[in-house]
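Scroll down for the structure; my scribbles are underneath it.
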Amino acid sequence: MEAINELLQASIQAHQIGDLGTAAKGYAAILRAQPNLSDAWHLAGLVAHQSGKSEEGILYIERALKIQEHAEYFSNLAAIHHSRSDFVNAERFASRALEIDPEFPAAHFRRGVSLARLGQAAEAMEHFQKALDAEFAVESTLIEVALLFQSIGDIPSTIRAFEVSLGFNPNQPTIYYNLSKLALAGMYELSSEQVSYIEQLTQTFSGVPSELGRMARYHFALGSHFEKHEAFHVAFKHYEKGNACATQQLLDSECSDAFAERPNFVKRLSRFFDQRQVSCVAPRKASHPQPIFVVGLPRSGTSLVAQILGSHPEIQNADELTAMMDCVAPWSSIWESDKALSFGVAEATKVRDSYLQLLASSSQGAPFVVDKMPENFQYLGFAHQAFPESPIFYCRRDPRDIALSSFSLFFDSDRLRWETATLERIGKTIREHVRLQQHWQSIMPDRMVPVFYERLVSQGEQQIRRIISAAQVSWSDSCLRPHESQSAVTTASMVQVRKPIYQSSLGRWETFAEDLLPLFELIRDEIEQYEIDLSNAD
């Protein structure tokens, strides 16, 4: 037993200094000798997650919990689910940790983060306050408090919380990144001292992979600053460097291989969902709440449309939900292989019932709920079959503006970060999206309600009335003021949707045209088709 303890301590030391390979081997050796040692399963799970193998990490920690239920295990399981944007399960496991230890500060922090992402701002703030009272991760907690204020549109409180956190540590990349986005939106101004300091911080990279995310955010912050001050080529170079760091950070993660398979995925999905398949729909019947789907490429206006809908007194904007992905997971082999699977009326009804159970937790009592998860675009066949009565809004925007906006952001999602880290990948993503769009339109020609961003921001009331009519609810003047909505927004558009509808982002790509030329060549056909579709739009 003494030898096991010595190996455990050596593995923990390797883990603490970032030598994940040595730590993983040590934990594995311990578990071969002592398979019922819960701490080793828990630590092996953390190493797996930190090595980019989150699914494996979840399995290991669940194994630890079968041996012993421990607040720390549940809390770290919540953290892993949060990193995967699965906030429902993250909140559930953080709650389990607090049932075991009501004073566990890490669990209060993680439950606060999960609730904030789920739009439950008041309850989230209570948990953040408990974490702060315990002086747990003060810098990180203050950042989350700031992001919570930002999600509900309280920009002055957002800035104050960021600045207080910088007082504890002036090197925080997340804060500079978020302040730079506020500055680009005209809500803040980085001082010359701050800009010089961020530039100095970009020179401190030691080559350690764990620092890549930090460096990426510094470069994106500088990119936003120089774009605001119209030094567009300099800004682009910083965006490019930030994306290069993001790419390097993800090269060894589990997402790189998965997203390289996307073209095959689209082919398989298109083969499965043909005209006959999508005719197998669940029976139309009243549902409470009823979903309203908003889909489109990231940066295409989905957040604005969801905010407009969520401004209606009968509609709750639940932002980005993983509910549809979770409900159709049993049929994932449809797109993972060529294996034929049955998905008829009975299966569509099962998905409908499961989805409605998950949706109810986000409805806050409203009869209609907006689900604007961009990834639902690939599940539209399922959404159509399960909810033939629910409107599907398809947001479209000039692909050049989508490309630039995506390239200039550091996304929380590993998948989005991977797909937007180079102009080539952005171009391929746009092309695959258009291919799938054309397929859905060919088999469900009247199912999607197109919303063109350019029309929406230039013909405000006319287009908003069209959206509300298509949502099948009565008119409300509050929909003309989406920036005043109390719905929490946690996506990359959380700053923009707090401003009155504006047109200044139209044609933003033009100021970067020279740097974007390789991308324009790659998506020339998609650009031309979009211009035709826009000219023919209502």
side-chain contact (heavy atoms from CB on, under 4.5 Å), paired with Glu144, selected from Leu147, Leu142, Thr141: Leu147
Pairing of Glu91 and Arg117 as salt bridge, 4.0 angstrom limit: no
Short N-O contact, Glu419 and Lys428, less than 4.0 angstrom: no
What residues form a ring-ring contact (aromatic ring centres under 6.0 Å, His included) with Phe162, not counting sequence neighbours? none
Lys/Arg-Asp/Glu bridge criterion (N-O < 4.0 Å) met for Arg352, Glu389: yes
Does Gln357 form a side-chain hydrogen bond (donor to acceptor under 3.5 Å, both in side chains) with Asp353? I'd like the steps, not just the answer. CA-CA 6 Å; Gln357 286 185 354; Asp353 293 342; over 6 Å; no
Kindly say whether the aromatic ring centers of Tyr218 and Tyr177 come within a distance under 6.0 Å. no
Should the pair Phe273 and Phe382 be assigned to parallel (<30°), tilted (30 to 60°) or perpendicular (>60°) ring geometry? perpendicular
For a 4.5 angstrom cut-off between non-hydrogen side-chain atoms, does Phe407 reach Ile402? no
Do the two ring centres, one from Phe93 and one from His81, sit under 6.0 Å apart? yes
Okay, side chain of Arg397, backbone of Arg299: is any donor-acceptor separation there less than 3.5 Å? yes
Can Glu347 and Lys350 be counted as an ion pair, charged N to O under 4.0 angstrom? no
